[in-house]
Amino acid sequence: MTLQSDLSERLLRACDRDTLAGQRDYAILRLLIENSLKRQQVAAININDVDCEGRSLRVDKRYKRQGQLNPKEIISLSLDTATALQDWLNLTHLPNEDEDTPTPLFISLDRAKYGHRLTGTAIYGIVKRAVTNAGITEAIAPERLRFSQEKYALNHALNQDFETLNKTIIETDESQLRLSPVSNLESENQTGTYLDTDKTQLSAVSSAIPYALTGFNPDILTSLLADKRSLNTRRAYEKDLRYFFLAAYGQKPTETVIAQFLQLNRFEAIAIALRYKSDLITQGLKESTINRRLSALKSLVNFAAKLGKCNWNLDDVQTEAVQTYRDTTGIKPDGIRTMLLKIDRTTVKGKRDFAILRLLWDNALRRNEVVSANIGDFDYEARSLQILGKGRGSQKSLISLSIGTANAIQDWLSQLKTKSSDRPLFQSLDPVNQGHRLTGTAIYQIVDQLARDSGITKKMSPHRIRHSAITAALDATNGNVRKVQKLSRHKKLDTLMLYDDNRTNMQGEVSSLLGDLI
């Protein structure tokens with residue numbers, strides 16, 4: 001039984017498209033409703049299967065013969081569905097065009113499974129949640145989100161138009177093709193080249209009008225988030241701006257309410273921002289949290305000013321003073337050694353965790369630098385690893401590895417069946433997410449559990465191991481901050497000076513001298 005069109009529209013409107021989850025769910029629902037896809041087909045889509053400009057999508061065929069791989073087929077998309085997919089892609093990290101990495105199109109946004117491929121069960125939950133939000137009392141499963149007969153006819157007509165347009169372009173170019181001398185031996189390859197050219201022209205014709213030729217009326221929030229390369233940064237900005245608009249206007253940051261705020265004069269806007277800051281202080285939030293939320297609001301205003309949407313800023317709203325790097329001591333090398341000895345290296349999990357801990361300690365890596373590494377980034381013979389450093393965008397840095405760390409990584413990789421260069425270096429081993437990239441949360445839990453099992457009373461985390469490694473390096477080099485900066489990769493030498501001050505405890509030394517004077 002097909003779903004009535006009014007119910008379909010209610011389901012789509014139930015998605016909160018001002019959030020990451022809402023953009024994702026809206027795109028999924030459009031695929032289920034308009035393209036008659038199964039939830040397993042939607043879950044299997046990769047980013048490089050999507051052609052938003054050509055308004056087409058490569059999906060697994062619905063049915064396959066037993067024991068055979070599921071072949072792919074290309075389906076056409078409506079303009080609304082292609083736009084929904086593009087909106088979702090604008091908020092996620094896209095691979096390079098020359099890569100053939102099977103990166104999932106739809107990912108989980110839950111903290112525990114963040115970045116993993118969305119499952120069919122999760123898509124079932126998305127439909128169920130949309131039904132509840134839409135106030136629909138009857139139970140609706142993804143299997144009911146099918147084309148109506150009218151939509152089937154419309155889709156067929158679109159495909160016919162697509163083929164007609166392709167034929168027209170080929171006939172138009174035919175006279176030009178005859179001008180090129182083609183030998184009998186080369187004719188097959190040359191024809192393929194012409195067909196590829198035709199597809200490119202077809203994509204250009206069927207795509208939307210170039211944005212430089214359209215009316216300039218950008219969605220400020222969407223444009224701001226799209227300007228941020230890091231997905232974590234986008235999520236943080238989205239969440240912090242939601243807090244502000246809920247407090248100031250009692251609603252989420254839609255385009256209308258953002259425009260209402262930006263149309264205020266400078267003094268009214270500053271008054272609202274100061275009231276917001278006062279409320280945050282009253283709630284007892286930490287200084288760093290208050291500063292982060294104010295920073296998101298200031299970024300929104302500054303971005304709008306660049307687009308000519310307002311002529312003021314919030315520079316007069318002062319942030320809170322924050323003392324950074326208060327405790328950088330971490331634990332002694334003996335504590336790290338105890339954690340390493342606690343790992344059972346006869347198991348696959350033990351080999352993986354040992355390699356992770358060696359990387360965190362020997363190279364003082366941040367956990368996201370460990371998470372983002374691929375197998376192809378590791379070179380055992382050269383004892384090196386390419387990492388995506390903090391604030392470096394997509395530019396990778398080459399770091400040298402100790403013999404022990406290189407051997408530990410090689411030992412872990414020897415346990416993997418698939419060693420493609422584009423596969424994650426460290427993968428999940430649990431049955432549900434096996435083979436998926438290990439998350440930052442998982443690495444945090446590994447370190448925390450190892451520390452507790454080793455009897456370490458201090459709360460440990462991947463970043464505290466980084467603190468420990470940098471402090472130990474300063475001890476070993478007698479405070480040579482220039483040399484240790486090559487290890488820590490801090491942009492500012494002042495940051496390392498804080499580590500050195502905490503290490504030497506000069507204040508405690510002077511206090512002891514004063515105590516001896518009385």
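Numbers here are sequence positions counted from 1. The structure presented is a predicted model; accordingly, all values stated were derived computationally and were not measured.
In summary, R466 and E369 do not engage in a salt bridge, as defined by a charged side-chain N under 4.0 Å from a carboxylate O.
Qualifying side-chain contact (heavy atoms from CB on, under 4.5 Å) partners for R242, counting only residues two or more places apart in sequence or in other chains: D16, T19, L246, K252, P253. Not counting sequence neighbours, N291 has no partner by the side chain to side chain donor-acceptor pair (under 3.5 Å) test. Taking the side chain to side chain donor-acceptor pair (under 3.5 Å) definition, one finds that D430 meets it with S428, sequence neighbours left out. Every residue was checked against the side chain to side chain donor-acceptor pair (under 3.5 Å) condition with R235, not counting sequence neighbours, and none meets it. With sequence neighbours left out, K228 forms a side chain to side chain donor-acceptor pair (under 3.5 Å) with no residue at all.
Counting all heavy atoms, side chain and backbone alike, V301 lies closest to N313 at CG1-CA, 3.9 Å. Annotation for L224 and F303: closest pair N-CE2, 3.6 Å, computed over non-hydrogen atoms. The two residues N363 and R489 come nearest to each other via the heavy atoms O-NH1, 3.5 Å. K298 and L314 get closest at one heavy-atom pair: CE-O, 3.2 Å. L89 and C52 get closest at one heavy-atom pair: CD1-SG, 4.1 Å. The two residues G120 and A43 have their closest heavy-atom pair at N-CB, 4.2 Å.
Taking CD1 from I33 and CG from L12, the interatomic distance works out to 4.5 Å, rounded to the nearest 0.5 Å. Atom OG of S108 and atom NE2 of H436 lie 10.5 Å apart (nearest 0.5 Å). Between K458 atom NZ and S468 atom OG the span is 7.0 Å, to the nearest 0.5 Å. Going from atom CD of Q86 over to atom CZ of R55 covers 13.0 Å, rounded to the nearest 0.5 Å. Note that CD1 of I399 and CG of D377 are 10.0 Å apart. Values are rounded to the nearest 0.5 Å. E320 CD to T289 OG1: the interatomic distance, rounded to the nearest 0.5 Å, is 11.0 Å.
You'll find the side chain of I446 reaches within 4.5 Å of the side chain of R352, heavy atoms only. Taking the side chain as every heavy atom from C-beta outward, Q41 and N35 never approach each other to under 4.5 Å. Using a 4.5 Å heavy-atom threshold, the side chains of T81 and L57 count as separate. At a threshold of 4.5 Å between non-hydrogen side-chain atoms, the residues L105 and L85 count as touching. Under the 4.5 Å side-chain criterion, counting only non-hydrogen atoms from C-beta, R266 is not in contact with N311. V317 places a side-chain heavy atom less than 4.5 Å from the side chain of L274. Residues D240 and Y243 have side chains in contact (heavy-atom distance under 4.5 Å, counting atoms from C-beta outward). Proximity of R367 to V447: side-chain heavy atoms (C-beta onward) are nowhere separated by under 4.5 Å.
At least one donor-acceptor pair under 3.5 Å links the side chain of S461 to the backbone N or O of R464. Checking side-chain atoms of N265 against main-chain N and O of E268 turns up a donor-acceptor pair under 3.5 Å. Judged purely by atom type and a 3.5 angstrom limit, R10 uses its side chain to pair as donor or acceptor with the backbone of A134. Between the side chain of R452 and the backbone N or O of L450, no donor-acceptor pair lies under 3.5 Å. Although no hydrogens or angles enter the test, the distance criterion places no donor-acceptor pair under 3.5 Å between the side chain of D448 and the main chain of Y444. In this structure, Q485 contributes its side chain and H490 its backbone to a donor-acceptor pair below 3.5 Å.
Ring geometry for Y276 versus F244: interplanar angle over 60°, hence perpendicular rather than tilted (30 to 60°).
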- Item | Test log, rule side-chain contact (heavy atoms from CB on, under 4.5 Å), inputs M339 and D453 | CA-CA 8 Å; M339 292 174 63; D453 291 345; over 6 Å; no
- Task: Report the C-alpha distance between V50 and W88 in whole Å, list the side-chain angles of each, state the deciding distance to 0.1 Å, and finish with yes or no for side-chain contact (heavy atoms from CB on, under 4.5 Å).
- Result: CA-CA 12 Å; V50 183; W88 164 244; over 6 Å; no
- Message: The test is side-chain contact (heavy atoms from CB on, under 4.5 Å); show your working for I45 and L31 and say whether it passes.
- Response: CA-CA 11 Å; I45 299 173; L31 285 174; 4.1 Å; yes
- Item | Stepwise side-chain contact (heavy atoms from CB on, under 4.5 Å) test for V371 and L438 | CA-CA 6 Å; V371 166; L438 206 63; 5.7 Å; no
- Check against side chain to side chain donor-acceptor pair (under 3.5 Å), R437 and N374: CA-CA 9 Å; R437 188 179 299 275; N374 292 329; 2.7 Å; yes
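Listed by first then second residue, pairs satisfying side chain to side chain donor-acceptor pair (under 3.5 Å) with a partner in residues 20-29 read D25-R129, Y26-R30, not counting sequence neighbours.
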